[in-house]
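Computation of the quantities below employed the complete heavy-atom set of this structure, encompassing side-chain atoms and omitting hydrogens, waters and symmetry-equivalent molecules.
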Amino acid sequence: MLNKKVSDLLNEQINKEFYSAYLYLDMSNYFSREGLSGFANWYMIQAQEERDHAMLFYQYMQNNDCPVKLTAIAQPDKKFKKHMDVLKAGLEHEEYVTASIHAIYDAAYKVKDFRTMQFLDWFVKEQGEEETNARDLITKMELFGTDPKSLYMLNQELAARVYSAPSLVLD
């Protein structure tokens, strides 16, 4: 059985990951309405990844005989006026999730919960990649987003992204 504080934080992370999926679905919806199907695809895949992250935390809790308490998922409340607003909100959210995972890691470290720390190692690496991808997308939009032809090409690039399920092995 996991330490109560660690267990509570892991359980909260399940909700945060499902919220992340909702947020990215909302972002995908924004880009669909804007006629940018490639951007919509990119955020739809982000939503799929976040849902799978939630399920990894869920499975980890179950594998460690910890009860999972599913709570209500908040409705995304961000209103986007321009494309860059979405991209910046995505980066801000990834930084929030990174801080949350670091807090769980810190709690596990304090109680010498090495198994949970090892489980979280994958997420620490994943969050580094997520933040880099979000920053790269912002940079590309700053460079090319105001030119319609370049925006079209960036949209095509994002349309090519395909979903790949995480390859984390749980014990």
A.B. asks: Do Leu25 and Phe39 share a hydrophobic cluster, counting only Ile, Leu, Val, Met, Phe, Trp and Tyr and linking them when any side-chain heavy atoms are less than 4.5 Å apart?
C.D. replies: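 No: no chain of side-chain contacts under 4.5 Å links Leu25 to Phe39.
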A.B. asks: Between Ile14 and Lys69, is any pair of side-chain heavy atoms under 4.5 Å apart?
C.D. replies: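 Not in contact.
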A.B. asks: Determine the minimum heavy-atom distance between Ala40 and Ser28, stating which atoms define it.
C.D. replies: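 The pair with the smallest heavy-atom distance is O-OG, 2.8 Å.
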A.B. asks: Without swapping roles, check the side chain of Asn3 against the backbone of Lys5 for a donor-acceptor pair under 3.5 Å.
C.D. replies: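 Answer holds: yes.
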A.B. asks: His83 pairs by ring-ring contact (aromatic ring centres under 6.0 Å, His included) with which of Phe144, Trp42, Phe31?
C.D. replies: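 Passing option: Phe31.
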A.B. asks: Atom CD in Gln59, atom CG in Asn63: separation rounded to 0.5 Å?
C.D. replies: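 Reported to 0.5 Å precision, the distance equals 4.5 Å.
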A.B. asks: Looking only at atom types and distance, does a side-chain atom of Thr132 sit under 3.5 Å from a main-chain N or O of Gly128, one as donor and one as acceptor?
C.D. replies: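 A pair under 3.5 Å: yes.
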A.B. asks: Would you kindly say whether Tyr96 and Glu92 are connected by a side-chain donor-acceptor distance under 3.5 Å?
C.D. replies: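 No.
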A.B. asks: Would the Phe114 and Tyr109 ring centres measure less than 6.0 Å apart?
C.D. replies: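 Judged by ring-centre distance (under 6.0 Å), Phe114 and Tyr109 do not meet the cut-off.
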A.B. asks: Cluster question for you: counting only ILVMFWY and a side-chain heavy-atom cut-off of under 4.5 Å, with indirect links fine, are Leu91 and Leu158 together?
C.D. replies: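 Looking at the clustering, Leu158 is in the same group as Leu91.
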A.B. asks: Please report the interatomic distance CG(Leu36) to CG(Asn155), rounded to the nearest 0.5 Å.
C.D. replies: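 The CG atom of Asn155 is 4.5 Å from CG of Leu36, to the nearest 0.5 Å.
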A.B. asks: If I compare all heavy atoms of Ala107 with all of Leu9, which pair ends up nearest, and what's the gap?
C.D. replies: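 For Ala107 versus Leu9, the nearest heavy atoms are CB-CD1, 3.7 Å.
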A.B. asks: Does a salt bridge link Glu50 with Lys16, judged by any charged N lying under 4.0 Å from a carboxylate O?
C.D. replies: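 Salt bridge between Glu50 and Lys16, a charged N being under 4.0 Å from a carboxylate O: no.
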A.B. asks: Using the rule given for side-chain hydrogen bond (donor to acceptor under 3.5 Å, both in side chains), can you reason through Gln13 versus Glu17, listing the C-alpha separation, both sets of side-chain angles and the distance that settles it, and then say yes or no?
C.D. replies: CA-CA 6 Å; Gln13 192 64 32; Glu17 297 291 342; 2.8 Å; yes
A.B. asks: Can you tell me how far apart CD (Gln118) and CG (Asp113) are? Round to the nearest 0.5 Å.
C.D. replies: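 Result: 10.5 Å between the selected atoms.
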A.B. asks: Mind checking whether Leu137 and Met141 sit in one hydrophobic cluster, side chains of I, L, V, M, F, W, Y counted as touching below 4.5 Å?
C.D. replies: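 Yes, Leu137 and Met141 fall within the same hydrophobic cluster.
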A.B. asks: side-chain contact (heavy atoms from CB on, under 4.5 Å) between Lys149 and Tyr152: does it pass, once the steps are laid out?
C.D. replies: CA-CA 5 Å; Lys149 291 178 185 173; Tyr152 174 80; 5.6 Å; no
A.B. asks: Could you measure the distance from the OG atom of Ser32 to the OH atom of Tyr43? Nearest 0.5 Å is fine.
C.D. replies: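 So the OG of Ser32 and the OH of Tyr43 are separated by 12.5 Å.
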A.B. asks: Determine whether Glu130 and Arg135 satisfy the following criterion, side-chain contact (heavy atoms from CB on, under 4.5 Å), listing intermediate values before the conclusion.
C.D. replies: CA-CA 9 Å; Glu130 295 288 2; Arg135 279 190 198 94; over 6 Å; no
A.B. asks: With heavy-atom distances below 4.5 Å as the criterion, would you say the side chains of Met84 and Glu142 are in contact?
C.D. replies: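 They are in contact (side-chain heavy atoms under 4.5 Å apart), so the answer is yes.
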A.B. asks: Test your reading of the model: is there a side-chain donor-acceptor pair from Asn15 to the backbone of Ala72, 3.5 Å cut-off?
C.D. replies: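 Yes; judged by distance alone, with no hydrogens or angles, the pair exists.
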A.B. asks: Minimum heavy-atom separation for Glu131 to Thr98, with atom names?
C.D. replies: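 Residues Glu131 and Thr98, closest heavy atoms: OE2-OG1, 2.5 Å.
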A.B. asks: Can you find a pair of side-chain heavy atoms, one from Glu49 and one from Glu126, that are under 4.5 Å apart?
C.D. replies: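 Touching, per the 4.5 Å side-chain cut-off.
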A.B. asks: Can you confirm whether Tyr22 is buried at OH, in the sense that more than 12 heavy atoms of other residues, nucleotides or ligands lie under 6.0 Å from that atom?
C.D. replies: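 Counting neighbours around OH of Tyr22, 12 or fewer heavy atoms of other residues, nucleotides or ligands fall under 6.0 Å, so no.
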A.B. asks: Decide, yes or no, whether a salt bridge links Lys110 with Asp106 under the criterion of side-chain N to carboxylate O below 4.0 Å.
C.D. replies: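 Yes, charged N to carboxylate O under 4.0 Å.
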A.B. asks: Within the 4.5 Å heavy-atom criterion, are Ile138 and Lys88 side-chain neighbours or not?
C.D. replies: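 Side chain of Ile138 against side chain of Lys88, heavy atoms only: contact under 4.5 Å found.
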A.B. asks: In Å, rounded to the nearest 0.5 Å, how long is the span from OG of Ser150 to NZ of Lys140?
C.D. replies: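 Atom-to-atom, Ser150:OG and Lys140:NZ are 12.5 Å apart.
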A.B. asks: Taking Asp8 first and then Lys4, would you say they form a salt bridge - that is, a charged N and a carboxylate O separated by under 4.0 Å?
C.D. replies: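 Salt bridge present between Asp8 and Lys4.
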A.B. asks: Might you point out which heavy atoms bring Arg161 and Ile45 nearest each other, and give the distance in Å?
C.D. replies: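 Between these two residues, the closest heavy atoms are O-CD1, 3.0 Å.
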A.B. asks: What about the rings of Tyr105 and His102, do their centers lie closer together than 6.0 Å?
C.D. replies: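 No, the ring of Tyr105 stays outside the 6.0 Å limit from the ring of His102, centre to centre.
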A.B. asks: Which is it for Arg115 and Tyr60 under the side-chain contact (heavy atoms from CB on, under 4.5 Å) test, yes or no, and what are the steps along the way?
C.D. replies: CA-CA 10 Å; Arg115 184 176 7 178; Tyr60 182 77; 3.6 Å; yes
A.B. asks: Pick out which of Phe18, Tyr58, Trp122 makes a ring-ring contact (aromatic ring centres under 6.0 Å, His included) with His53.
C.D. replies: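 So, applying the ring-ring contact (aromatic ring centres under 6.0 Å, His included) to His53 and each of Phe18, Tyr58, Trp122, only Trp122 qualifies.
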A.B. asks: Return yes if a side-chain donor-acceptor contact under 3.5 Å exists between Glu129 and Asn133, otherwise no.
C.D. replies: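 No, no side-chain donor-acceptor contact under 3.5 Å.
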A.B. asks: Go through the steps for Tyr24 and His93 under the test side-chain hydrogen bond (donor to acceptor under 3.5 Å, both in side chains), then give the verdict.
C.D. replies: CA-CA 10 Å; Tyr24 287 130; His93 185 73; 5.4 Å; no
A.B. asks: Shortest non-hydrogen contact from Ser20 to Val97?
C.D. replies: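 Smallest interatomic distance, heavy atoms only, reads OG-CG2, 3.8 Å.
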A.B. asks: Look at the side-chain heavy atoms of Ile, Leu, Val, Met, Phe, Trp and Tyr, link any pair under 4.5 Å apart, and say whether Ile101 and Leu56 land in one connected group.
C.D. replies: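 In one cluster: yes.
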A.B. asks: Should Glu157 and Leu154 be marked as a side-chain contact (heavy atoms from CB on, under 4.5 Å) after you check the CA-CA gap, both sets of side-chain angles, and the distance that decides it?
C.D. replies: CA-CA 5 Å; Glu157 175 185 325; Leu154 181 55; 4.1 Å; yes
A.B. asks: Before accepting this row, confirm whether a basic side-chain N of the pair Lys82/Glu34 lies closer than 4.0 Å to the acidic partner's carboxylate O.
C.D. replies: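 A salt bridge is absent here (no side-chain N lies under 4.0 Å from a carboxylate O).
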A.B. asks: Pro67 and Asn11: which non-hydrogen atoms are nearest, and at how many Å?
C.D. replies: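 It is O-OD1, 3.6 Å.
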A.B. asks: Atom CG of Leu120 and atom NZ of Lys125: how far apart are they, to the nearest 0.5 Å?
C.D. replies: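 Taking CG in Leu120 and NZ in Lys125, the distance rounds to 15.0 Å.
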A.B. asks: Can Leu151 be reached from Met153 by stepping across I, L, V, M, F, W or Y side chains whose heavy atoms are under 4.5 Å apart?
C.D. replies: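 Per the 4.5 Å side-chain linkage, Met153 and Leu151 are not co-clustered.
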